[in-house]
Number of protein chains: 2
Amino acid sequence: MVLVKKTPTIQDVARFSGVSTATVSRALSSPERVSESTRARISEAVQLTGYTPNQSARSLRQKTARTILVALPDIRNPFFSAILDSIEREAAARGYGVLVANRFSGGDSGRRMRDYFLSNRVDGLLLFDGSVDLEQLMLLTGDPAPVPLVVACEEIPSAPFHTVRTDNCYAAEQATRHLIGLGHTSIGHIAGPCGNVLTAERAAGFRKAMGDAGLMVREDWLFEGAFGMDQGHAAGQRFAALRERPTAMFSANDESAIGFLSALNQHGIACPRDVSLVGFDDLDIAAHVLPPLTTMRQPREALGRIAAGALIDVIEGQSRSRLPMHMVLSSELIVRGSTACPPAHQSSAAASVLPV
Amino acid sequence: MVLVKKTPTIQDVARFSGVSTATVSRALSSPERVSESTRARISEAVQLTGYTPNQSARSLRQKTARTILVALPDIRNPFFSAILDSIEREAAARGYGVLVANRFSGGDSGRRMRDYFLSNRVDGLLLFDGSVDLEQLMLLTGDPAPVPLVVACEEIPSAPFHTVRTDNCYAAEQATRHLIGLGHTSIGHIAGPCGNVLTAERAAGFRKAMGDAGLMVREDWLFEGAFGMDQGHAAGQRFAALRERPTAMFSANDESAIGFLSALNQHGIACPRDVSLVGFDDLDIAAHVLPPLTTMRQPREALGRIAAGALIDVIEGQSRSRLPMHMVLSSELIVRGSTACPPAHQSSAAASVLPV
DNA sequence: GAAAGTAATGCAATCGATTGCAGAGGTTTC
DNA sequence: GAAACCTCTGCAATCGATTGCATTACTTTC
């Protein structure tokens, strides 16, 4: 009694409109090659049957999947989830689906990626995780014709791919200069996980700004935040235990900074009175912690959009240049309440007043 | 000179191992049907050629995509990104890919979903967005054989699908009781966006706990937080402007609560001294704001894992029951620093002491 | 008015894996 | 020793859309 409706195929449409499947296919993909009247009959039949092309059949024939793979280190990180949002939007607008592969590092990541391509599930890869083993993937094709791949955020030096990233080094420099401009001379740094390219770049920017200003970088004022709130908190604990503390800190990301802040509070260290703090990323939360966090805003929406667009351009062979392009987006300093002049300034001002 | 390596097919493996493609196929999918020696030769050839089955061909023949579609209202929301993380893990473990469709509501959502199924791109749908139009999707098949679909978080009453969710109403009740247990009698509520099922359930739990305790719910102490930090902040502004304020607030989610907190701080209203605050979700950030947020922890990891598992069971026809199952996970109260006894208690205690 | 050109359409091969059916060769059963 | 029954394997159809080539029926050109 139950009428099992088969999902309509191109055959059904062809039968309904009294033409061959070839004509139906052409009517849908290159309408100008089909006469007006036939086209009308076909689109009527499409309406009637509710036909949608079978993607598997199309993929098999055309060897494209109309799907991209996004490999992320940790999707729970709000930094990445915002990017994924804009990737998804751009991809959907261009008719591509988005497959996510999370925590995409570790031993067999190369093989897993390779399988995605070999099994024809995806046309391209958007890689946000620099720790992935690319060697395996590179085996896929000869060197001169690598798989469509765009590397985002992380830098993979000398690889023949487009990259999209923000200028971490310069941004870190700017963040540090902001503190220096406020009068701070003793400044520490909460770094990311070691081995990470971002960590290295941001630390380099910090050192550069310090060096340019003729300030010393004290190794005991460098903490590892590893990009997590808990690790930032731990850094805060160690900070509180210092005999001599810097008057300002630059954190390599907002999450570390927020964890750091919460530890400060536990120890009765006030921000920005006792210590100024600059974060990195401008997560939504940054404006809402106490005090609101001064931070370097990363253009997350643009990053995802541009990376996805570039990848699809490569897939469709529309990439403007044959050579790998390296796109660098710039960050913006957002000054909020977590930075102020150093207490030393005030006391030295006081000192210079009192003796008079 | 460039050797274009074609991606290896089952034909190549067959040729290498001197058997037919049928045997190779069987060796890979049901090894027990192939003799030991042949199997060895085949797996050697697989190694040698680096063969991976073409998923499009397989999908076409078997009418399965080994992919699920996850429809989310907003992936940037950390609540959802944590769930997506566990979905992805569970799906990957069972050999399924995860396609994400973000902001999956609005006019044509039904048609978009229908197309995903009709085009054979996905085998099932994990729906986190109650505002999606299911009618269109239901047209796909007869009523008795609906598409594999699991509805998570949101409740769609009387629909013939498995659902996985947390007991929002009871959890909200518990959260409110926690405040009542501390001695609060004037309690307000920051609600979610109106029209949302979660909003309604959490508000209902709030009202239930208040009613059970014989407490009045004052309509001017109900704010709309709409689940965003900015809206929570706005609610905080309105709270600060009240002539008479409640001594405690229950917020329908952590983000609203955090926005609310930041507004309180701007107005010099101290939490928990002047007002206690309970959130909902236990985002990572909740432990790191100031004061650390008391909140109802949602079992996010379990939610994603169970929902994905249930969906794949349905897809593979292993679903234990033919009837829709309604799984309800329970939440846990995490008491942190944002809740305390009401100031009224202290002053009344003081009052009762002083006159003596 | 013949040759050439063009527009619209159909035929049938093709993509790569799966699977129903059948056959070959061997073993068990009575 | 014939019938029945395995086990292992191959043949060829099949899934649904795309596309190179061929065909038909006009139109244009000189």
Side-chain angles (χ1 to χ4, degrees), chain A residues 4-43 45-46 49-66 95 115-123, chain B residues 4-43 45-46 49-67 95 115-121 123:
Chain A
V4 179
K5 297 185 207 162
K6 253 182 72 271
T7 81
T9 73
I10 200 171
Q11 319 281 346
D12 300 322
V13 177
R15 201 166 337 105
F16 262 78
S17 44
V19 296
S20 70
T21 61
T23 303
V24 176
S25 174
R26 281 189 283 253
L28 296 176
S29 57
S30 38
E32 75 284 358
R33 297 192 48 196
V34 172
S35 75
E36 179 93 32
S37 62
T38 314
R39 215 187 310 153
R41 275 213 319 287
I42 290 175
S43 71
V46 168
T49 53
Y51 168 72
T52 305
N54 181 315
Q55 185 60 41
S56 305
R58 178 178 274 179
S59 293
L60 176 59
R61 181 64 220 249
Q62 303 193 134
K63 296 182 181 310
T64 68
R66 292 196 81 73
D115 285 353
Y116 267 106
F117 281 100
L118 252 41
S119 68
N120 205 241
R121 285 172 84 112
V122 303
D123 300 322
Chain B
V4 178
K5 296 185 207 162
K6 254 185 70 267
T7 82
T9 71
I10 200 170
Q11 321 280 345
D12 300 322
V13 177
R15 201 165 340 104
F16 262 79
S17 45
V19 296
S20 71
T21 62
T23 303
V24 175
S25 174
R26 281 188 284 253
L28 296 175
S29 55
S30 38
E32 74 283 358
R33 297 191 49 196
V34 171
S35 75
E36 179 93 32
S37 62
T38 313
R39 216 187 309 153
R41 274 212 320 287
I42 290 175
S43 71
V46 168
T49 53
Y51 168 71
T52 305
N54 181 315
Q55 184 60 41
S56 305
R58 179 179 272 179
S59 293
L60 177 58
R61 181 62 220 248
Q62 303 193 134
K63 296 180 181 310
T64 68
R66 291 196 80 74
T67 302
D115 286 352
Y116 267 106
F117 280 101
L118 251 43
S119 68
N120 205 242
R121 284 172 85 111
D123 300 321

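Remember, it's a predicted structure, so these values are computed and weren't measured experimentally.
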Touch check for B/T9, heavy atoms < 4.0 angstrom, all strands: base, sugar-phosphate only, or nothing?
-> sugar-phosphate
Under 4.0 Å between any heavy atoms, over every strand shown, what does A/T21 touch: base, sugar-phosphate, or nothing? Just pick one.
-> base
Compare side-chain N and O positions of A/K63 against OP1 and OP2 of C/dT14 and report whether any pair is under 4.0 Å apart.
-> no
May I ask you to say what B/V34 touches in the nucleic acid, namely base, sugar-phosphate or nothing, with a heavy-atom cut-off under 4.0 Å?
-> sugar-phosphate
Minimum-distance pair of heavy atoms, taken over all atoms of B/I10 and B/Y51 | N-CE1, 3.3 Å
For C/dT9, does OP1 or OP2 lie under 4.0 Å from any side-chain N or O of A/S35?
-> yes
Measure from CD1 on A/I10 to P on D/dT14 and round the result to the nearest Å.
-> 19 Å
Per nearest nucleotide of DNA chain D, the residue lying toward the 5' end, B/A57 or B/R39, is B/R39
Check every strand shown and say whether A/S59 touches a base, only sugar-phosphate, or nothing at a heavy-atom separation below 4.0 Å.
-> nothing
Expressed in angstrom and rounded to an integer, what is the separation of B/L60 atom CG from C/dC15 atom P?
-> 14 Å
Given DNA chain C, 5'-ward residue of the pair A/V19 and B/N54, judged by closest heavy atom | A/V19
With a 3.5 Å cut-off and just heavy-atom distances, do the side chain of A/R61 and the base of C/dG16 make a donor-acceptor pair?
-> no
Is there a side-chain polar atom (N or O) of B/Y51 under 4.0 Å from OP1 or OP2 of C/dA17?
-> yes
Are the side chains of A/T9 and A/N54 in touch, meaning some heavy atoms are under 4.5 Å apart?
-> no
